[in-house]
Number of protein chains: 2
Amino acid sequence: MEVPDIGVLAGQLMRAVQEELFETLAEQGHPDVHPRHETVLAFLDPEGVRATDLAARSGQHKQIIGTILDELVRLGYVTREPDPADRRAKLIVPTERGIDEIAKARAILTAAEERHERSLGAERYAGFKEMLQQVTRDQQAWRQAGPSTA
Amino acid sequence: MEVPDIGVLAGQLMRAVQEELFETLAEQGHPDVHPRHETVLAFLDPEGVRATDLAARSGQHKQIIGTILDELVRLGYVTREPDPADRRAKLIVPTERGIDEIAKARAILTAAEERHERSLGAERYAGFKEMLQQVTRDQQAWRQAGPSTA
DNA sequence: CCAAATTAGTCACGATCATTGACTATCAAT
DNA sequence: ATTGATAGTCAATGATCGTGACTAATTTGG
């Protein structure tokens, strides 16, 4: 069996984590959140965040954020409140249901990582995650350095 | 700054690897291959492979493989040859252009990993990749063990 | 050897998702 | 007050994925 490259491995890992996250969320009372919703939910704040900030932080287009927010509003996870500081903007505020989802999602991901800690050993896993962060940063940095120097 | 979970990290890493791969491929004479094509190209064999095998190995549906193959034929990367052993089947054979693409894709991915090796040190990077494989396997294994025992 | 069940591949349809451009309303700066 | 930038939405398009039905060929069982 060939050893897959880090791109393929990363993709498989992402997909597997997503499957655990959303299947477990479904069991815990949130059957209607999808991976695309999580890119918004992950960046919410009880105080409220502006849609543009969500777009910037998640790296997705404003329009996508808009349709995702439409769904999340319809599903009762967030509300759009007027921003007192800027009448153009709207603050995206999680509802109680939204806060519950966020908490449960965090718990599920923490539990998954704790499994890996037990499997690899806490020390090795800590090193792994640190290296994963650095490799990701370095790989993202190619955008600036690579195309010209290639 | 919060530490992202491994799912987000894996997703970012995958995306960054893909960007480097396809932008560099474009510079090297393959501007029209897309990520979806790679899921087929990665599993090709100069001797020819059957479409069903490609579907099984890549984990995607036959129909998707079919449309990807349509495009790859149109772009001149593969041809559909009759399978002498089974008149229903067709062997997907890479053209010279296809073989060139595969070789260049491998070289780009190898170069990226060598960058990370230099950055982390060969020994640490080897350990990282091994752990990445194990974590991915463990995470995928949740499907069997997790939902019931959760 | 022939009928039934499988398998390889394709066709047609619909659902989801991402990207682009234009548009209104508001803010900020001169 | 005018100009330019920003927040959010609308509309249209293309790319991608998934499902079911279909044809042709193979395999299996009598």
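Being a predicted model, the structure only gives us computed values, none of them experimental.
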Open item on the list: Under 4.0 Å between a side-chain nitrogen and a carboxylate oxygen: does that hold for A/Asp5 and B/Arg106?
Closed with: no
- [ ] Calculate the interatomic distance between B/Leu91 atom CG and C/dA8 atom P; express it in whole Å.
- [x] 13 Å
- [ ] Starting from P on C/dT7, measure out to CG on B/Asp53 and report it in whole angstrom.
- [x] 14 Å
Task: Any pair counted as ring-ring contact (aromatic ring centres under 6.0 Å, His included), so long as it reaches residues 10-32 of chain B, sequence neighbours left out - done: B/His30-B/Tyr77
- [ ] Would you kindly give the CZ-to-P distance between B/Arg50 and C/dT10, to the nearest whole Å?
- [x] 13 Å
- [ ] Whole angstrom is fine here: how far is it from CG in A/Leu69 over to P in C/dC17?
- [x] 14 Å
Open item on the list: Working to the nearest 0.5 angstrom, can you tell me the gap between B/Glu101 CD and B/Leu25 CG?
Closed with: 5.0 Å
Open item on the list: Please report the distance, rounded to the nearest Å, between NE2 in A/His61 and P in C/dA22.
Closed with: 16 Å
Task: Heavy-atom donor-acceptor pair, A/Thr95 side chain to A/Gly76 backbone, under 3.5 Å - done: yes
Task: B/Arg36 with B/Glu71: basic N within carboxylate O range, under 4.0 Å - done: yes
Task: Side-chain N,O (A/Gln63) to OP1/OP2 (C/dA18) below 4.0 Å - done: no
Open item on the list: Reading DNA chain D from 5' to 3', where do the contacts with chain B start and stop? Cut-off is 4.0 Å to heavy atoms.
Closed with: D/dT16 to D/dT26
Task: Euclidean distance, atom CD1 of residue B/Ile68 to atom P of C/dG9 [Å, nearest integer] - done: 14 Å
Open item on the list: In this structure, how many angstroms lie between the P atom of C/dT26 and the CZ atom of A/Arg88, rounded?
Closed with: 10 Å
- [ ] Identify, between A/Arg87 and A/Pro35, the residue whose nearest nucleotide on DNA chain C lies closer to the 5' end.
- [x] A/Pro35
TODO: Identify which nucleotide among C/dA18, C/dA8, C/dT19 has an atom closest to any side-chain atom of B/Thr52, counting heavy atoms from C-beta outward.
DONE: C/dA8
Task: Base C/dG9 paired with B/Lys62 side chain (donor-acceptor, <3.5 Å) - done: yes
- [ ] Identify which one of B/Val93, B/Leu91, B/Val73, B/Ile99 satisfies the side-chain contact (heavy atoms from CB on, under 4.5 Å) criterion when paired with B/Val78.
- [x] B/Val73
- [ ] Report the distance from atom CD1 of B/Ile64 to atom P of C/dA15, rounded to the nearest whole Å.
- [x] 17 Å
Task: Salt-bridge contact B/Arg88-B/Asp83 (side-chain N to carboxylate O under 4.0 Å) - done: no
